[in-house]
2 protein chains.
Amino acid sequence: MPPVNGAPASGLASLERIDRETVSGRVYRDLRELLISGEISPGEKLALRSVAAALGTSLMPVRDAVARLAAEQAVEVMPNRTVRVPVMTRGRFEELRTIRLMLEGHCTEVAAAHATPQDLTRIRELHADFTAEHDMDDPDAGRLIRLNKEFHFAVYKASRMPVALQMIEGLWLQIGPVLNFDLRTKSERLSRRVAVGHHTELLAALERRDGPAARKALSEDIVSAGDFILSRNVLPVT
Amino acid sequence: MPPVNGAPASGLASLERIDRETVSGRVYRDLRELLISGEISPGEKLALRSVAAALGTSLMPVRDAVARLAAEQAVEVMPNRTVRVPVMTRGRFEELRTIRLMLEGHCTEVAAAHATPQDLTRIRELHADFTAEHDMDDPDAGRLIRLNKEFHFAVYKASRMPVALQMIEGLWLQIGPVLNFDLRTKSERLSRRVAVGHHTELLAALERRDGPAARKALSEDIVSAGDFILSRNVLPVT
DNA sequence: ATCTGATATCTGTGATCACACTTGCATCAG
DNA sequence: CTGATGCAAGTGTGATCACAGATATCAGAT
């Protein structure tokens, strides 16, 4: 293809970039979404052929997708070669929370220093959406979960730490199934109430560029949500 | 299979667990080793068929392995669908170092509190091996790199944080190519001298269960090694 | 009723083929 | 010699097949 720049201005400039998406990638993202939103329960087994059939493709793309998910610990391959959503133990849950506090805490602190005005408006919008959905008579659990995630990640993205962002996504992918599955089954209003409060504090801290305060608000958000799950005693000890 | 426990004591107990390894896993580990030890240079392209041929298998296992590596950011798939070892930029390198300081620092501090006597002897042994190899007239770069890795990971493993350990491996996989490639091309003795010093301090701190001191020694190890690479100015800015 | 045994189905794994796209190289016009 | 053009080789992607191991089902014997 000859350099477009040399050509005289034409309708060509209005052409959109065409992104050939692979089926593999599509399957990966679909499964990922199902996992992160808790629509596949922990311990559930995944049969490659079933997934392929459900998505109307062959085995191949599913194999690639599952390999990627396995690398991220989002699913695990048992010694029998069957793949399943990992069962969350109490210890693993607590370790994941510890790591989240470190990584997400750091990103939040950095975000407070680096966030652009655009970042802040975006975060503000998402916070408003989340609050609005939360205050509805019958909030949609799925939408709440998604908005909560988008709010958090908008903050992390403002830190301009792409590698950390990627790692955090991996963490959410691991925690998502149990967290959201639990939230989905019994919609506990109370825990969300406090979530809104923490988000408000977090946003306020970001706006006055107070890194430590932002980190503190986030930490409380993470810890309280975790405590809620832990208090339910649904996680096996080992 | 009937429960073995019910059977009378026999030579059966001496049987080793048979691990049917998949070719996929083998390819994955081979590639991983090549990457982490810097035997594949950053920017180098990987052709699936070439890898398959080199390892004497078909495309399939290679595809699975590469999918896993891509999920860990150990290789990247370009828009053209070709896979290559990511080129390390200065910014990415610094971010990776920041994250390493957090994660590995934390694990080291925890390890100081939780390390068993067995852990400590293991770490001591690896430290001795590393020092011995280092003090040789013509140290083997590859072996040195491997021993350094084993020493570090023996420490992290003592923290009993499997999830963090996994993440740290991912980080080393990303840093490995540039770090070890550079160390391999020009064997700078000086930087290793200081590495031995930091390792000695680290070990001493662990033995007296001094978490903060252990973290400090590790941080200096990571920072100084990173500074060495950064000072070489081989990393593109963007 | 319980356990053992064989069988039929289902599982993931690996190889091979077909295809569309990209890249490299040689050819040819200027 | 320089440039573009066309063809050939090489690329990843996806589908299909073959196969060994696992799992479930059910018959028969104790």
Side-chain angles (χ1 to χ4, degrees), chain A residues 1-7 15-32 40 43-86, chain B residues 1-7 15-32 40 43-86:
Chain A
M1 242 158 290
V4 184
N5 290 341
L15 289 181
E16 295 182 2
R17 171 137 190 84
I18 164 174
D19 48 346
R20 286 182 312 121
E21 190 181 37
T22 87
V23 181
S24 252
R26 182 63 202 282
V27 174
Y28 168 74
R29 216 145 7 86
D30 282 359
L31 285 180
R32 179 194 183 89
I40 311 183
E44 193 170 335
K45 286 191 292 189
L46 291 185
L48 301 193
R49 281 174 175 83
S50 314
V51 178
L55 276 74
T57 69
S58 85
L59 272 179
M60 280 304 317
V62 180
R63 288 175 63 174
D64 280 346
V66 167
R68 291 175 63 180
L69 289 171
E72 304 177 290
Q73 322 284 323
V75 300
E76 63 182 353
V77 293
M78 308 296 292
N80 321 335
R81 303 295 165 72
T82 68
V83 312
R84 68 167 191 186
V85 183
Chain B
M1 240 160 287
V4 184
N5 291 340
L15 288 182
E16 293 182 4
R17 171 134 189 88
I18 163 173
D19 46 347
R20 285 184 312 121
E21 190 179 38
T22 86
V23 181
S24 253
R26 182 62 202 283
V27 174
Y28 169 74
R29 214 140 13 83
D30 282 359
L31 284 180
R32 180 194 183 89
I40 312 184
E44 192 170 336
K45 285 191 293 189
L46 291 186
L48 301 194
R49 281 174 174 82
S50 315
V51 177
L55 277 74
T57 70
S58 87
L59 272 178
M60 279 305 317
V62 180
R63 288 175 64 174
D64 280 346
V66 167
R68 293 174 61 179
L69 290 171
E72 304 177 289
Q73 322 284 323
V75 301
E76 62 183 353
V77 293
M78 308 295 293
N80 321 335
R81 303 292 163 75
T82 67
V83 312
R84 68 167 192 187
V85 183

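Lettering follows sequence order; numbering is per chain, from 1.
The distance from the CZ atom of B/R63 to the CZ atom of A/R63 is 8.0 Å, given to the nearest 0.5 Å. Once rounded to the nearest 0.5 Å, the distance linking CD1 of B/I40 with CZ of B/R32 reads 13.0 Å. The CG atom of A/L69 sits 8.5 Å away from atom CG of A/L46, with the distance rounded to the nearest 0.5 Å.
Rounded to an integer number of Å, the gap from A/R81 CZ to C/dT13 C1' is 8 Å. Atom pair A/M78:CE and C/dG12:P shows a separation of 13 Å (rounding to whole Å applied). In this structure, CZ of A/R68 is placed 10 Å from P of D/dT13, rounded to the nearest angstrom.
Take B/E72 and apply the side-chain hydrogen bond (donor to acceptor under 3.5 Å, both in side chains) test, not counting sequence neighbours, and it matches B/Y28. Every side-chain hydrogen bond (donor to acceptor under 3.5 Å, both in side chains) that B/R26 has, sequence neighbours left out, goes to B/D30.
Pairs engaging residues 48-62 of chain A under the salt bridge (charged side-chain N to carboxylate O under 4.0 Å, His left out) rule: none recorded [sequence neighbours left out].
In this structure, B/A52 and B/S58 approach most closely via the heavy-atom pair CB-O, 3.4 Å.
Here the rule is side-chain contact (heavy atoms from CB on, under 4.5 Å) with A/V51, and of A/T57, A/V62, A/V83 only A/V62 fits it.
Over its length, the helix from C/dA1-D/dT30 to C/dG30-D/dC1 turns its helix axis by 0°, as judged from the five terminal pairs at each end, rounded to 10°.
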Practice item. Before giving the answer on salt bridge (charged side-chain N to carboxylate O under 4.0 Å, His left out), spell out for B/E76 and B/R84 the whole-Å C-alpha distance, their side-chain angles and the decisive distance to 0.1 Å. Key: CA-CA 6 Å; B/E76 62 183 353; B/R84 68 167 192 187; 3.0 Å; yes
Point to revise | Worked check of side-chain contact (heavy atoms from CB on, under 4.5 Å) between A/T82 and A/V77 | key: CA-CA 6 Å; A/T82 68; A/V77 293; over 6 Å; no
Could you list all N or O pairs between the protein and nucleotides 22-24 of chain C that sit under 3.5 Å apart?
residue	atom	partner	partner atom	Å
C/dT23	OP1	B/N80	ND2	3.1

Produce the list of close N/O pairs, under 3.5 Å, pairing protein atoms with atoms of nucleotides 14-16 of chain D; give distances to one decimal.
residue	atom	partner	partner atom	Å
D/dG14	OP1	A/V23	N	2.4
D/dG14	N7	B/R63	NH1	2.8
D/dG14	N7	B/R63	NH2	3.4
D/dA15	OP2	A/S58	N	3.1
D/dA15	OP2	A/S58	OG	2.5
D/dA15	O5'	A/S58	OG	3.4

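Side-chain atoms of A/R49 come within donor-acceptor range of the base of C/dG12, with a qualifying N/O pair under 3.5 Å.
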